[in-house]
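All values below come from the heavy atoms of this structure, side chains included, with hydrogens, waters and symmetry mates left out. Residue numbers start from 1 in every chain, and the chains themselves are labelled A, B, ... in the order their sequence lines are given, proteins ahead of strands.
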Amino acid sequence: MDTTLKLKINNLPQLFAALQSRGYTTVGPTLRDEAIVYDRIDSADELPIGWTDEQAPATYRLKKRDDNAYFGFNATPQSWKRYLYPPQRKLFSIKKNGKSLELLEEKDSNVKYAFIGVRSCELNAIMVQDKVFNSNEYKDDSYNSIRKNLFIAAVNCTQAGETCFCVSMKTGPKARSSFDLALTEVLTENEHYFVVEIGSENGASIMAQVDAAAVNENEIEEADKIIRQTESTMKRSMETADLPELLSENLEHPHWDEVAKRCLTCGNCTMVCPTCFCSTVEDVTDLAGQNAERFRRWDSCFTMDFSKVAGGSFRISPKSRYRQWLTHKLSSWVEQFGTSGCVGCGRCITWCPVGIDITAEVQAIRGVETQSEGSFGQQKGV
Amino acid sequence: MSGRRRSGKPKVAVFKFASCDGCQLSLLDAEEELLGVAEAIDIAFFPEASRRMLKGPYDIGIVEGSITTPNDVEHIREIRKSCGALITIGACATAGGIQALRNWKDIKDFIRIVYTSPEYISTLDRSLPIGSFVHVDFELRGCPINKYQLIEVINAFLHKRKPNIHTHSVCVDCKLKGNVCVMVAHGTPCLGPVTQSGCGAICPAYNRGCYGCYGPMESPNTSALAGQFSELGETRRDISLAFRGFNAYAEAFRRESEAHEK
Ligand code: SF4
Ligand code: SF4
Ligand code: SF4
Ligand code: SF4
């Protein structure tokens, strides 16, 4: 079988059907609450056909496109993290039987997800979380039980969002590996199709169930051209050279105080970040004291509880909390996991209620003036 | 605490000051859970629910309402003495409530307008939270409180563990829930970033901005949020009023509303 195929838009429903016939629960982008969100979708017509988003620091607007593109938008409000690493999960329960205690472990999930529309930055984020949850020393069974069954249909970005900077982070816009399929949507005056790159045996066997034709040189070139254009029109950037050192050497830079004045310590940035992995555990009991349960719940280095030890929290100032987030993402993460903790998806910029922009903060620490013209967006706040 | 107990169950009393009763009713509203609560604790004094009124001392005192009269001051001091642990519930008891709006005006003007014989009225010039007068062991926020949180607090006290009551922003819950942010996606002003968690981000789930029912979160940067509200086109008056709701007299909200008053 060829490694690259042409899938006509009218045959896209067959991909959903093929995946469902193999027991996959299909998850992909769809419209909800004036946004394009990832949710369970059962068919191709639930995709946000003809819709796009306009993003800027602290702003997201759903807009109608003037064509019928299926994937003509950029990063969604939240990432696939919700599915691989759910916001809240029961870990175990304990039951009191007379004087003895019975431990009931929570079963791992056997759900088989097929993610349709994983962007390259997000694919890289999944690989980053793989390092966190599937390292040799520490394995998170709950994550891995979902991850090992995952089918990834990536979609290469055909436009650059205002807050995207994957080119700087070398994580996009084209998916390079670790996918089962990678689709590039081509929409010309006469034709609407996907160039489908097969990335795994599983991907090949799914495509065998779908009517797809051989692809010619011109069509491949057309798809590549679109991706190159995405790359060249990406306006936001982050200078990454020596970044880990720069940050670790500037822990007392006066700019941290400036960001702290604007930062709400609300935690939105960490929640939407596709690589942030922090959680807390909470115990609950029933009133009779016969049963107890332990839950894992997403946490954020912006909460006071996060750094609470005997005697109190050690990151009280907003400055220390913002600094923890930024230096972990871009500096200590590299030490910890051998890769950056930022994939340039831009979510923390768009969904920060006051539009704090990680790229601008890095520039400020570098001592470079923040660019304010063009579409870099304004620095907001007081 | 052991000397106070009857039949091994902790004795609990529920008291009310200036308030609407909504928070106490949350306890009654917890029908399904109430049986369990009644089995675990001895509700010794709860005029809203039962005519049985046992004398103190009590192991746990639950207090609703704000302090508004000289009488209240004496009464809350007595209550404090008779209770092992004192838990205050709701915006009135923890921040002075909506009635604290009068704190910005001269109370005598109200008395003159409302009462035909003002000389009989004995009131304080401000409505204040319980914590302004006596030591409080735990403040449960909300207008009204969330009944599950109340049960959680009672439950935690019973089992001597820390209550799972978060002091971070509503935004954390909002994201956990998977809501689309109304401020970023719709341009709707939302107090979520400076408001303490507790409701489970209900309003944003219905495409409304947060009204701040649970009062200021652990590190509220109200001025930065006010700056964003003004970017969204809110007037100074809108901003002042946004912070002047059920928790108007909680310090962070009070200062921010005053900063935009004139
Ligand atoms: S730090 Fe921001 S831009 Fe980078 S991966 Fe996280 S959310 Fe995306
Ligand atoms: S940035 Fe904060 S929330 Fe994210 S992984 Fe690091 S410590 Fe955790
Ligand atoms: S950087 Fe923005 S999103 Fe993150 S905690 Fe601060 S205000 Fe919230
Ligand atoms: S809708 Fe409100 S509470 Fe939810 S994330 Fe946005 S600002 Fe926070």
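Distance check: Glu218(B) CD to Ser313(A) OG gives 7.5 Å after rounding to the nearest 0.5 Å. Atom-to-atom distance recorded for Gln228(B):CD and Cys352(A):SG is 8.0 Å, nearest 0.5 angstrom. With values rounded to the nearest 0.5 angstrom, Leu264(A) atom CG is found 9.0 Å from Ser223(B) atom OG. Once rounded to the nearest 0.5 Å, the distance linking CG of Asp286(A) with CD1 of Ile151(B) reads 12.0 Å. From Phe306(A), atom CZ reaches atom NE2 of His168(B) across 12.5 Å, with rounding to the nearest 0.5 Å.
For Lys162(B), the part lying under 4.5 angstrom from a heavy atom of chain A is the side chain only. Residue contact with chain A, scored on non-hydrogen atoms closer than 4.5 Å, is absent for Val170(B). Both the backbone and the side chain of Arg32(A) come within contact range of chain B, with heavy atoms under 4.5 Å apart. With a threshold of 4.5 angstrom between heavy atoms, Asn207(B) approaches chain A through side-chain atoms but not through N, CA, C or O.
Distance alone, capped at 3.5 Å, is enough to place a donor-acceptor pair between the Arg61(A) side chain and the Ala185(B) backbone. Glu39(B) places no side-chain N or O within donor-acceptor distance of the main-chain N or O of Ala288(A), the cut-off being under 3.5 Å. Side chain of Asn164(B) to main chain of Glu282(A): no donor-acceptor pair is present (N/O by atom type, distance under 3.5 Å, no hydrogens or angles). The backbone N or O of Ser219(B) sits less than 3.5 Å from a side-chain atom of Thr265(A), completing a donor-acceptor pair. Side chain of Asp305(A) to main chain of Thr167(B): no donor-acceptor pair is present (N/O by atom type, distance under 3.5 Å, no hydrogens or angles). When atom types are taken as modelled, the side chain of Arg82(A) and the backbone of Leu176(B) share a donor-acceptor pair closer than 3.5 angstrom.
Between Trp351(A) and Val180(B), some side-chain heavy-atom pair lies under the 4.5 Å cut-off.
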Using side chain to side chain contact (heavy atoms under 4.5 Å, CB included), reason through His186(B) and Glu34(A) one step at a time and then give a plain yes or no. CA-CA 8 Å; His186(B) 313 159; Glu34(A) 293 172 55; 3.6 Å; yes
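For the set Pro86(A), Gly267(A), Pro353(A), Pro318(A), the count of heavy-atom pairs under 4.5 angstrom toward chain B peaks at Pro353(A). Ranking His166(B), Glu33(B), Met217(B) against chain A, the residue ahead of the rest is His166(B), based on heavy-atom pairs under 4.5 Å. Most heavy-atom pairs under 4.5 Å with chain B, from the set Val37(A), Thr76(A), Val284(A): that is Val284(A). In terms of heavy-atom pairs under 4.5 angstrom with chain B, the leader among Asp299(A), Thr303(A), Thr285(A) is Thr285(A). Note on Met183(B), His159(B), Lys177(B): by heavy-atom pairs under 4.5 Å with chain A, the leading option is His159(B). Between chain B and the options Ile316(A), Asp283(A), Val272(A), heavy-atom pairs under 4.5 Å are most frequent for Asp283(A). Chosen from Ala260(A), Ser300(A), Cys263(A), Ser317(A), the residue pairing most often with chain B at heavy-atom distances under 4.5 Å is Cys263(A). Comparing Phe302(A), Tyr60(A), Trp298(A) by heavy-atom pairs within less than 4.5 Å of chain B, the highest count is held by Tyr60(A). Between chain A and the options Gly178(B), Gly187(B), Gly192(B), heavy-atom pairs under 4.5 Å are most frequent for Gly178(B).
Counting non-hydrogen atoms of other residues, nucleotides and ligands closer than 6.0 Å to CZ of Phe246(B) gives a total of 12 or fewer. Within 6.0 Å of CD in Glu32(B) there are 12 or fewer heavy atoms belonging to other residues, nucleotides or ligands. Within a 6.0 Å radius of OH in Tyr148(B), no more than 12 heavy atoms belonging to other residues, nucleotides or ligands are found. Atom CZ of Arg161(B) has more than 12 neighbouring heavy atoms from other residues, nucleotides or ligands inside a 6.0 Å radius. In the displayed structure, Lys95(A) atom NZ is contacted under 6.0 Å by at most 12 heavy atoms of other residues, nucleotides or ligands.
Here the options are Cys174(B), Cys171(B), Ser169(B), the test is side-chain contact (heavy atoms from CB on, under 4.5 Å), and the partner is Asn268(A); only Cys171(B) passes.
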